[in-house]
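Below you'll find the structure, written out as structure tokens, and then a few comments.
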Amino acid sequence: MRFRLHPDRYLWWVASLLLVLSTESYWFDRSAQVIAPLHNCLLSIGNAWQVPLAAWGPIEASEAWPFWAFAICVSIVTAITARRMSLTNHAVLGVMLLIGISLSLKPDQLLSALCVLAACRIAAVKQTSLSTAKFATTMFVFGFSVVTTLEFGLVALILLGTAVSQLQNRSDAVGIEQQRRFPIVAALLAAGLALAAVFHDEFAAALFRPVNWLWRDTSRMPSMQFLSGAPQDMIASGLLGVVMLVTVCQLLKCENTTITKKLLALILAAIGLGCGRYSAVTAIAICELNRKDALPHSQVSSKLWIPCSCVLVAVLQWTWLLAINGTSDIGGSSQNRLVDTTLWRFQGPVMITNRDQASDWQTAACRDRFPLLLGDRWDADSDQVGEHTAATHDLLEGLREFYLRTDGTAGGYNAFLKQHKPVAIVVDSRSLAAIRQLSVDPTWRVMSIDSRRTIFGRSDTSDTGPQTRRADNLFMQMEWPRPHVNMQLDGTLALGTADDSRAVGMVLTAMRLPYAALRILPDDDSRETARVRTWCYLELAHRSIRHTGQPSLLDQYRAVVRLRQLSNSVLTPQRERENIRRALASLQDTHIRTDVPNGLTHSVSEPERIVRFALQNGHSGDTLASCEMITPSSVGQFYRCLLSSNDDRLEDVRAGLQTALGASGFPARLREEALFYCGCLELELRNAEVARRFFAQGHEIDADSRFSALRLQYLSQMTSK
């Protein structure tokens, strides 16, 4: 037998491998939980079905693979399926399938995908006689799926459906003999499954796991929803959805396809389209059910453009990753991406608001120290799941104390927390409104932040108190740097890649710590970094209004201009546009007198009044012409610097303000305001000592000015020990 090297096979594999690696920037030193971990949740059924292989002690070290090893395996599965789809005259579907599976298949689905692929391939083998080997292989695949995965019910469905379909297609003597024996074999298998269900109460729930999500509460698991999550996840789901729909339509139109096979394809499509968790695995199964004879090897070379296009897509994806993160953050980590909770010196129950994050707490190092109130095993849900879901909803909505729900039950998350006493609450770092509300709760304080989760702990207990105080000190130091303080990030803050830093920056902004957020943002001109800066400037503008009753023209001008730019961008989601509309309305409240400083109306000329009003409302236009009419010229330069603060480098704006301040004709009525803006710019530029000097000079000039309360707060924070 002569071995042939077909380049297209490796092109498919390389394309898939690159795409899988692109889903994890730290692929070189990260692990992937391939085998579902042991389930240990306080509000779940106590005797939940466990994956036998995970419960076997000697294999525990093999549950988590290096991410690159997972990527190699999943890319092989993906390349095999996508290549066959492409070579059966479905080139576009093959490309879509490869991209969709590569971007969406999760580590704990790898073994399920392998079992599904093997089940479909075994069922597709045509036998001319009864084959004990085929039966034994089928039982081995099903047994392997039971031992290694939670999705063995899906494998059983595929094996059963394809077996019945094959029997319907056989009309010869062998087929008749198989039809006679099939009920006996089916009865034996059913008896075996029933016996397993008798010995373990929750085996049946795990067996029906691919469909029992229909009647279980999975509202706090975003992965269960089709077309949800990050844009990359939505693209992958959309591609897989199209592939499944087109393939099922082809099966339904085929006259040679049995009713059973068509029904099986419809069931799989309903599972994959209804539950995002199963989209990738069911797409593999449906495409394998639609197997056709591939093209002859002589015609494969003419199809090389298809895998080449996939490689091009993967290269473009990596180009984008390198552009936003830089080469130093790809492959290996200079900073941790997730906070290492094993460094904490306490233990106790943990409540998660996004059940998809349960895997973070079910590793061998965490599950005994931090048992979850509720995890992601919807097949093991108990009657208390409804209470957990309702309390999570109240927490995310900021409904702390008692209120009456529409169904007549009592609401308010505080009662639930008092009953179950979790030591930590884990909020998805994308739930900014919930983080903002919980950060002012008198009982709960932030213990750690990373791009995936923000963890709150009780501040009034001896267990979590040290960690909450450590986090408070770190965040205050980041917002208002004090001299001779060493910041320790381990166990409290993880910045990771540029994307991770931006996500953490949004969390800090939601906690009303905009300078801390600006301090950790990547130094680039990307759209996402500019977006986070915009919300930081908005928070600074609100801070000035809260403490002084009047705006900081520097921060308000930048916030308004940037918010309008962000709102006009086609890339801005509609929900964020609505938030921007409300933000602009709050900054332009007519009840706030902001055109001139209090008590100085008589000394401000009309051109200066026009400029100040324009800065407040984010209008530049012909305002620069009004600056030329202001006397003395140093005052005009002062306002020109503020008008250029959104476009020029901060260093240039700072230098221009200092030049205006040093001019002999600069009026005393604006000196204190200019010094305050200089201090704010120095604080933003990470020059804390210089910022302190500017704030102190402003305090010496006028201790009772409109910026005095905010300036004193800055000085007290930056000089405290």
Side-chain angles (χ1 to χ4, degrees), residues 37-46 48 217 219-221 338-363 365-377 380-402 410-429 431 434-450 452-472 491-492 507 511:
L38 293 176
H39 183 67
N40 179 28
C41 296
L42 302 180
L43 299 185
S44 290
I45 295 174
D217 188 354
S219 57
R220 295 299 167 188
M221 301 175 66
L338 296 180
V339 169
D340 185 2
T341 56
T342 60
L343 299 175
W344 294 349
R345 299 180 180 179
F346 62 89
Q347 58 186 8
V350 173
M351 177 182 178
I352 56 176
T353 59
N354 180 353
R355 293 172 62 185
D356 283 337
Q357 297 180 354
S359 59
D360 296 344
W361 303 89
Q362 292 176 330
T363 61
C366 287
R367 59 175 172 249
D368 293 331
R369 290 183 57 196
F370 302 109
L372 296 176
L373 293 183
L374 194 65
D376 60 351
R377 285 284 301 276
D381 285 349
S382 66
D383 294 337
Q384 294 177 295
V385 172
E387 298 177 16
H388 186 282
T389 302
T392 301
H393 171 270
D394 292 342
L395 190 148
L396 295 177
E397 296 295 325
L399 303 173
R400 185 176 190 271
E401 300 301 337
F402 171 81
Y413 67 85
N414 198 35
F416 179 85
L417 298 181
K418 285 183 177 180
Q419 178 184 356
H420 296 285
K421 296 180 173 58
V423 298
I425 298 175
V426 185
V427 182
D428 192 312
S429 290
S431 301
I435 292 171
R436 190 176 187 90
Q437 293 164 349
L438 194 58
S439 64
V440 297
D441 188 292
T443 304
W444 297 91
R445 292 288 184 271
V446 176
M447 291 194 298
S448 70
I449 304 173
D450 55 50
R452 180 173 169 84
R453 63 219 176 147
T454 300
I455 306 176
F456 292 81
R458 296 185 65 92
S459 60
D460 57 353
T461 65
S462 58
D463 292 336
T464 58
Q467 178 62 26
T468 59
R469 289 191 292 273
R470 186 181 302 113
D472 281 343
T492 304
V507 173
M511 293 168 55

Validation row: Cys41, Arg377 side chains within 4.5 angstrom (heavy atoms): no
Test item: Asp450 side-chain N/O and Leu338 main-chain N/O as donor-acceptor pair under 3.5 Å: no
Distance in Å, Arg470 CZ paired with Ser448 OG, rounded so as to fall on 0.5 Å steps: 11.0 Å
Residues in ring pair (Phe, Tyr, Trp, His ring centres under 6.0 Å) contact with Phe370, at least two apart in sequence or another chain: Phe346, Trp361
Those residues that, when tested against Arg445, pass salt bridge (charged side-chain N to carboxylate O under 4.0 Å, His left out) (two or more places apart): none
Over all atoms of both residues, closest heavy-atom pair of Gly457 and Thr464: C-OG1, 4.2 Å
Met351: which of Leu374, Leu417, Leu372, Val426 passes side chain to side chain contact (heavy atoms under 4.5 Å, CB included): Leu417
Steps toward side-chain contact (heavy atoms from CB on, under 4.5 Å) verdict (Leu438, Val427): CA-CA 9 Å; Leu438 194 58; Val427 182; 4.2 Å; yes
Over all atoms of both residues, closest heavy-atom pair of Arg452 and Asp356: NH2-O, 3.5 Å
Minimum side-chain heavy-atom gap Asp441-Tyr413 below 4.5 Å: yes
Donor-acceptor contact below 3.5 Å, side chain Ser459 vs main chain Gly465: no
CA sep, side-chain torsions, deciding dist, call: His420, Leu43, side-chain contact (heavy atoms from CB on, under 4.5 Å): CA-CA 10 Å; His420 296 285; Leu43 299 185; 3.6 Å; yes
Any side-chain heavy-atom pair of Thr454 and Ser429 under 4.5 Å: yes
Rounded distance (nearest 0.5 Å) linking atom CG of Asp376 with atom CG of Asp381: 10.0 Å
Residue pair Leu395 / Trp444, side-chain heavy-atom distance below 4.5 Å: no
Check: Leu373 main-chain N/O paired with Gln384 side-chain donor or acceptor under 3.5 Å: no
Verdict with supporting geometry, Arg369 and Thr342, side-chain contact (heavy atoms from CB on, under 4.5 Å): CA-CA 9 Å; Arg369 290 183 57 196; Thr342 60; 4.2 Å; yes
Residue pair Leu396 / Arg220, side-chain heavy-atom distance below 4.5 Å: yes
Spacing of Thr353 atom OG1 and His388 atom NE2 [to the nearest 0.5 Å]: 8.5 Å
Matching residue for Arg453 among Asp360, Val507, Asp428 - test: side chain to side chain contact (heavy atoms under 4.5 Å, CB included): Asp360
Test side-chain contact (heavy atoms from CB on, under 4.5 Å) applied to Met447 and Phe456, step by step: CA-CA 5 Å; Met447 291 194 298; Phe456 292 81; over 6 Å; no
Minimal non-hydrogen separation, Val423 against Gln347, with atom names: CG1-O, 3.9 Å
Where Arg355 and Val385 come nearest, the two heavy atoms and their spacing: NH1-CG1, 4.1 Å
Nearest heavy atoms of Gly348 and Pro371, plus distance in Å: O-CD, 3.6 Å
Closest non-hydrogen atom pair between Thr468 and Arg458, with its separation: CG2-O, 4.0 Å
Close side-chain approach of Pro466 to Arg345, heavy-atom, < 4.5 Å: no
Nearest-0.5 Å distance, CG of residue Asp394 to OG1 of residue Thr389: 11.0 Å
Separation of Ser359 OG from Ile352 CD1 (nearest 0.5 Å): 8.5 Å
